[in-house]
Amino acid sequence: DAMVIQNPRYQVTQFGKPVTLSCSQTLNHNVMYWYQQKSSQAPKLLFHYYDKDFNNEADTPDNFQSRRPNTSFCFLDIRSPGLGDAAMYLCATSGDQGGSTDTQYFGPGTRLTVL
Amino acid sequence: QKEVEQDPGPLSVPEGAIVSLNCTYSNSAFQYFMWYRQYSRKGPELLMYTYSSGNKEDGRFTAQVDKSSKYISLFIRDSQPSDSATYLCAMKNSGGYQKVTFGTGTKLQVIP
């Protein structure tokens with residue numbers, strides 16, 4: 001089945017210790033997104049890639065970086081995690097051909113704990 | 001004022017009830033409307049995708065959009081315990097890839 005896969009599902013890190021979350025997709029979608037979701041809150045868009053073009057949201061802290069080495073994979077790097085970065089991180093993908101193909105499909109998420 | 005408002009709940013209903021979930025929005029440019037279901041500690045799953053005003057039905061689910069009132073609804077008929085989840089409304093201005101604005105979600109519990 002075509003899908004969005006995130007690894008790991010649970011990640012524990014220490015305050016200030018860099019961490020990388022990964023996302024892969026078999027949908028062959030042009031666009032990949034990273035969201036941060038805290039408890040009882042809406043997903044907050046951090047950035048997205050349209051093909052290789054990186055688009056950062058204005059309020060995304062510099063602490064968050066991303067890489068997309070190819071169509072299928074995208075990584076979220078948190079350079080120096082703080083306690084406030086503990087959250088669920090969601091990867092999503094979408095096409096760009098209009099209609100329902102441009103709907104965002106989400107992975108299962110990675111729950112990050114910062115000690 | 002938030003662009004999208006959604007009552008967080010929780011909403012508790014008995015099994016078999018008709019559930020009504022709603023969102024209001026302020027941006028009249030929104031044209032595409034979605035409902036996602038999110039189980040605890042999982043990613044959102046797309047339930048319904050609609051364009052402009054009107055109704056769309058899929059099995060036990062009906063999505064309704066009233067652009068004149070800036071109001072969207074999701075109805076669930078014959079609710080089941082497996083419907084217990086958080087329901088997020090989402091919307092965007094146009095087709096293609098565009099930033100999606102999400103509501104905060106309504107938590108639904110269907111009691112057997």
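Note that the coordinates shown come from a computational prediction; the quantities given were computed from them, not determined experimentally. Within every chain, numbering begins at 1; the chains are lettered A, B, ... in the order of the sequence lines, protein sequences first and strands thereafter.
- With a 6.0 Å radius and a threshold of 12 heavy atoms from other residues, nucleotides or ligands, Lys107(B) has its NZ atom at or below the threshold.
- Considering CD of Gln38(B) and CG of Leu90(A), their distance stands at 6.5 Å, rounded to 0.5 Å.
- Evaluation of the side chain to side chain donor-acceptor pair (under 3.5 Å) test over residues 65-76 of chain A, restricted to residues two or more places apart or in two chains, returns Arg67(A)-Asp77(A).
- Interatomic distance, Lys92(B) NZ to Thr103(A) OG1, rounded to the nearest 0.5 Å: 6.0 Å.
- By the criterion of side-chain heavy atoms lying less than 4.5 angstrom apart, applied directly or through intervening Ile, Leu, Val, Met, Phe, Trp or Tyr residues, Phe61(B) is grouped together with Ile72(B) in one hydrophobic cluster.
- Tyr32(B) is connected to Tyr105(A) through a chain of hydrophobic side-chain contacts under 4.5 Å among Ile, Leu, Val, Met, Phe, Trp and Tyr, so both are in one cluster.
- Val19(B) and Leu88(B) sit in two unconnected hydrophobic clusters of ILVMFWY residues. Membership requires side-chain heavy atoms under 4.5 Å apart, directly or through other members.
- Below 4.5 Å, heavy atoms of chain B meet heavy atoms from Gln37(A), Ser40(A), Gln41(A), Ala42(A), Pro43(A), all part of residues 36-44 of chain A.
- Using a 4.5 Å cut-off between heavy atoms, Glu45(B) makes no contact with chain A at all.
- Glu57(A) touches chain B through its side chain: at least one heavy atom from C-beta onward sits under 4.5 Å away, while N, CA, C and O do not.
- Using a 4.5 Å cut-off between side-chain heavy atoms of Ile, Leu, Val, Met, Phe, Trp and Tyr, with links allowed through other members, Leu112(A) and Phe64(A) fall into the same hydrophobic cluster.
- In this structure, chain A has a heavy atom under 4.5 Å from the side chain of Tyr36(B), while its backbone stays farther away.
- With contacts defined as side-chain heavy-atom distances shorter than 4.5 Å, the pair Arg9(A)/Lys42(B) qualifies.
- Contacts between Pro44(B) and chain A at a heavy-atom distance below 4.5 Å involve backbone atoms as well as side-chain atoms.
- Under the 4.5 Å side-chain heavy-atom criterion for ILVMFWY residues, no single connected hydrophobic cluster contains both Phe75(A) and Phe106(A).
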